[in-house]
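Values below: every heavy atom of this structure, side chains too, minus hydrogens, waters and symmetry copies. Each chain gets a letter, A, B and so on, in the order the sequences are listed, and its residues count up from 1.
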Amino acid sequence: MRDDPGPSFREEARRLQEVVARYAAGQEPADTSGLRTVGGADVSYEGDNACACVVVMEYGSLRERTRAAATSKAKFPYVPGYFAFREIPAILAALRLVPELPDLFLVHGHGYAHPKRAGIATHLGVLLDVPTIGVAGNLLSGMEADAPPDIRGATSPVTMGGEVVGSLLRTCRNKAPLCVSPGFRTTLPEAISIVLHCTTDHRFPEPLHLADRCAGRFRKEVYRENEKR
DNA sequence: GCGACAG
DNA sequence: ATCTTGTCGC
C-alpha cells in the first residue's frame, strides 16, 4: 500500500476528525463510579494484514472475562495524526466476536491529546458510544511535558499550544511514563485514576497489555503456522 | 523550506 | 508496528 493515502483522502479524514471532535465535545462525561467492566484493544501487523485482539476484564478484580481476535486487511497506511483510520477497522472486526461491550474502553493511542482533539480513543468511543480513554507510550510532535517524578502515580500536564490536553502518568518506577488523555465521555482526572487502577504488573494497564500480547501471538499463529515445516 | 510524528 | 534469544539489572 502507498505510504501516502493521498491529499483528498487526508482532507476527508481531517474533516471527519473535526466532526468526531465536535460530537465528543457535546457529550457529558459518563458516570464512571460504578464501572463493572473495562476493555482493551490492540492490533499487530504482518505488513498490512492486521491482527486485532479485544480483551474485556472485570473492573474491580481485573479478572479476564472475554477475549477475541480477528484478522483483516488494513486499508489506510500509518500516518501520525491519522492512526484511527488504520487501526479502527481491525478493532471493529475483533469486536464483532465479543458478546457484550465493556463499560469503558482503554485504547492504545491518544484521545483528546491530538492535533484535532480526535485521536483514536475519541474516534472509537464515538463509533461505539462507549466511554474511552487514550493511553499512549509516546507524545506526538507538538506536545510538551516535563517528566513526572519517578514515583508510581506521579503526573505532569501535557500541553499543546498552551492547552492541557492530557497527562503523563508514571505507572511504574524506572519506566517511561504513559500519556493519558480523555477519549469519549471521560475527564482527565478520572482517566488517570482508572488507568492507575488497571495497571498492576506492567507499564501499560492490564487490558491493553493482554490485548497487546494476544494480538502478537495471534499474528504468529496465523502467519507462521504454515511455513514452519 | 526543514523538522517532528500515537502504532 | 516489525526484524529477534538470551541476558543484564532492579
| query | Counting distance only, does the side-chain N/O of A/D150 pair as donor-acceptor with the main-chain N or O of A/N174 below 3.5 Å? | reply | yes
| task | Please say whether more than 12 non-hydrogen atoms of neighbouring residues, nucleotides or ligands are located less than 6.0 Å from CG in A/D201. | result | yes
| said: Rounded to whole Å, please give me the gap between CD1 in A/I151 and P in C/dC10. | reply: 19 Å
| message | Once you apply a heavy-atom cut-off of 4.0 Å, does A/L139 come out as touching a base, just sugar-phosphate, or nothing? | response | sugar-phosphate
| query | In terms of side-chain geometry, is the basic nitrogen of A/R14 or A/E18 positioned less than 4.0 Å from the acidic oxygen of its partner? | reply | no
| query | Within a reach of under 6.0 Å around CD of A/E58, are more than 12 heavy atoms found that belong to other residues, nucleotides or ligands? | reply | yes
| More 5' along DNA chain C: A/N174 or A/D212, using each one's nearest nucleotide? | A/D212
| request: Measure the distance from CG on A/L106 to P on B/dA6 and round it to the nearest whole Å. | output: 20 Å
| field | Between P of B/dG3 and CE of A/M143, the distance in whole Å | value | 22 Å
| said: Applying a 4.0 Å non-hydrogen cut-off, can you work out what A/Y82 is touching in the nucleic acid: base, sugar-phosphate, or nothing? | reply: base
| task | Name the closest nucleotide to the A/R219 side chain, picking from B/dC5, B/dG7, C/dC3. | result | C/dC3
| For the pair made of CD in A/E144 and P in B/dC5, what is the distance, rounded to whole Å? | 13 Å
| query | Between residues 44-51 of chain A and DNA chain C, which residues have a heavy-atom gap below 4.0 Å? | reply | A/S44, A/Y45
| said: Tell me which residues in residues 16-25 of chain A lie within less than 4.0 Å of DNA chain B, going by non-hydrogen atoms. | reply: none
| said: Tell me whether A/R36 at atom CZ has more than 12 heavy atoms from other residues, nucleotides or ligands lying less than 6.0 Å away. | reply: no
| query | If you measure from CD1 on A/I192 to NE2 on A/H197, what distance do you get to the nearest 0.5 Å? | reply | 16.0 Å
| said: Let's see if you can work this out: which of B/dG7, B/dC5, B/dA6 has an atom nearest to the side-chain heavy atoms of A/S141? | reply: B/dC5
| message | Please list, in numerical order, the residues of residues 122-137 of chain A that have a heavy atom closer than 4.0 Å to any atom of DNA chain B. | response | A/A136, A/G137
| query | What about the rings of A/F184 and A/H123, do their centers lie closer together than 6.0 Å? | reply | no
| task | Tell me whether the guanidinium CZ or amine NZ of A/R86 lies under 6.0 angstrom from the six-membered ring centre of A/Y78 and within 45° of its axis. | result | no
| query | Side chains of A/E87 and A/Y82: donor-acceptor distance under 3.5 Å anywhere? | reply | no
| message | Just the rounded figure in Å: distance from P of B/dA6 to CE of A/M160. | response | 12 Å
| Within less than 4.0 Å of OP1 or OP2 of B/dG7, is there a side-chain N or O belonging to A/N138? | yes
| query | Rounded to the nearest Å, what distance is computed from the NE2 atom of residue A/H110 to the P atom of nucleotide B/dC5? | reply | 11 Å
| request: Identify whether the distance between the nearest side-chain nitrogen and carboxylate oxygen of A/R219 and A/E46 falls below 4.0 Å. | output: yes
| remark: OG1 (A/T187) and CD1 (A/I194) are apart, to the nearest 0.5 Å, by 7.5 Å
| said: Is there aromatic stacking of A/F83 on B/dG7 here, judged by a ring-centre distance under 5.5 Å and a plane angle under 30°? | reply: no
| Hey, mind stepping through A/R203 and A/K175 against side chain to side chain contact (heavy atoms under 4.5 Å, CB included) and telling me if it holds? | CA-CA 7 Å; A/R203 180 162 86 114; A/K175 285 186 182 177; 4.1 Å; yes
| note | Whole-Å distance, A/I120 CD1 to B/dA6 C1', equals 9 Å
| Rounded distance in Å - CD1 (A/I88) to C1' (B/dG7) | 13 Å
